[in-house]
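This report refers to the structure that appears directly beneath it.
Below, all heavy atoms of this structure are taken into account, side chains as well, without hydrogens, waters or symmetry copies.
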Amino acid sequence: VNPMQIRQTLFLLLSLTLLVGCDNRSPMARRIESLPGLVAYWDFQGEDHLRSKGNVEATLRGEGGSLPALVDEGPVSGRSLRFDGDDYLYIPYAETSGLNVQSGEVTVVAWVKWTAEQIGFVAGMWNEYEDGGKRQYGLFVSLPHYNGANQVCGHISRTGKPTPPFPYSIDYSASPQ
């Protein structure tokens, strides 16, 4: 056996061990990031914690530079955001082309520790205000017409417009709880 080959092998094994050992992501985070077709996912890790991971890079922004507090708890990465009731995040519409549904299928998943009683928009592509609305999909909490308080409801709009004769979309998928 050539001593040089042994050194190269040991170096390679040591390098691989260090690379594998430096991956401090949770098993759930690794599983999410390995999903085929993953569009965007935020784990709130790193210096640029509001930048997505996945096939689409998008950075969440706060209104007027105000951001929810970053906290050291959460089911995926051990980090999450705490909203105070006035905070919200958005991505400018011009930067959302990769988040537009092209296939007619979408899955939105969020881990939310809900402590409020009011209606809330959790995530999605939803705008009811500019140009008559650009609704696509959204995950809502506590909508009064869909099982009420503390219920999650996913809305999907086929056309991006209200469902006639209503001023809003009523196409939805709701949890059975």
Side-chain angles (χ1 to χ4, degrees), residues 26 28-29 31-33 35-45 49-63 66-71 73-93 95-163 166-177:
S26 71
M28 187 183 303
R31 186 171 176 201
I32 291 168
E33 290 175 29
L35 289 170
L38 175 67
V39 176
Y41 138 80
W42 288 263
D43 64 1
F44 309 114
Q45 288 288 335
H49 65 275
L50 296 177
R51 186 163 200 77
S52 66
K53 294 173 175 66
N55 293 324
V56 172
E57 288 188 8
T59 300
L60 298 168
R61 294 177 175 85
E63 185 63 32
S66 174
L67 297 172
L70 182 64
V71 295
E73 67 176 280
V76 176
S77 67
R79 306 290 295 278
S80 60
L81 298 177
R82 178 173 292 133
F83 292 82
D84 67 8
D86 294 321
D87 297 328
Y88 68 91
L89 296 171
Y90 71 96
I91 302 167
Y93 186 75
E95 298 173 22
T96 62
S97 63
L99 300 174
N100 286 310
V101 175
Q102 304 296 320
S103 67
E105 298 177 2
V106 65
T107 300
V108 178
V109 177
W111 286 264
V112 178
K113 184 191 268 185
W114 190 254
T115 59
E117 292 298 322
Q118 72 268 18
I119 295 169
F121 178 73
V122 177
M125 289 282 293
W126 203 267
N127 179 345
E128 293 191 351
Y129 305 107
E130 293 178 19
D131 302 326
K134 294 181 174 112
R135 304 164 186 88
Q136 285 192 33
Y137 56 91
L139 188 61
F140 295 85
V141 177
S142 297
L143 289 175
H145 302 292
Y146 306 102
N147 299 325
N150 298 317
Q151 298 295 310
V152 175
C153 181
H155 275 262
I156 298 175
S157 174
R158 180 176 288 279
T159 65
K161 298 187 178 350
T163 304
F166 303 100
Y168 42 81
S169 171
I170 62 166
D171 302 324
Y172 74 99
S173 173
S175 65
Q177 302 169 8

All side-chain hydrogen bond (donor to acceptor under 3.5 Å, both in side chains) counterparts of Tyr88, not counting sequence neighbours: Glu63
Side chains of Tyr90 and Thr96, heavy atoms from C-beta outward: is any pair under 4.5 Å? no
If you look at every heavy atom in Asp87 and Pro68, which pair is closest and at what distance? OD2-CA, 3.4 Å
For the student: nearest non-hydrogen atoms of Leu38 and Gly54, plus distance: CD2-CA, 4.1 Å
Partners passing side-chain contact (heavy atoms from CB on, under 4.5 Å) against Glu95 (at least two apart in sequence or in another chain): Arg61, Ile91, Pro92
Using side-chain contact (heavy atoms from CB on, under 4.5 Å) as the criterion, list what pairs up with Val108, not counting sequence neighbours. Val106, Ala123, Tyr137, Leu139
Contact check, side chains of Leu50 and Phe44, non-hydrogen atoms, under 4.5 Å: yes
Among all residues two or more places apart in sequence or in another chain, which pass the side-chain hydrogen bond (donor to acceptor under 3.5 Å, both in side chains) test with Thr59? Arg51
To the nearest 0.5 Å, tell me how far Asp43 CG sits from Arg79 CZ. 9.5 Å
Is the closest side-chain heavy-atom distance between Leu81 and Leu70 below 4.5 Å? yes
Could you tell me which non-hydrogen atom of Glu73 sits nearest to which non-hydrogen atom of Ser80, and how far apart they are? O-OG, 2.6 Å
Nearest heavy atoms of Tyr41 and Ala29, plus distance in Å: OH-CB, 3.4 Å
Results of side-chain hydrogen bond (donor to acceptor under 3.5 Å, both in side chains) for Ser77 - residues two or more places apart only: Gln45
Which residues pass the salt bridge (Lys or Arg N to Asp or Glu O under 4.0 Å) test with Arg31, sequence neighbours left out? none
Intermediate values then yes/no, side chain to side chain contact (heavy atoms under 4.5 Å, CB included), Trp42 and Val76: CA-CA 10 Å; Trp42 288 263; Val76 176; over 6 Å; no
Holding to side-chain contact (heavy atoms from CB on, under 4.5 Å), I want the full list of residues that pass it with Asn55, two or more places apart in sequence or in another chain. none
Quick one: are Lys53 and Glu33 in side-chain contact, heavy atoms under 4.5 Å? yes
Do Phe83 and Val112 have side-chain heavy atoms sitting under 4.5 Å apart? no
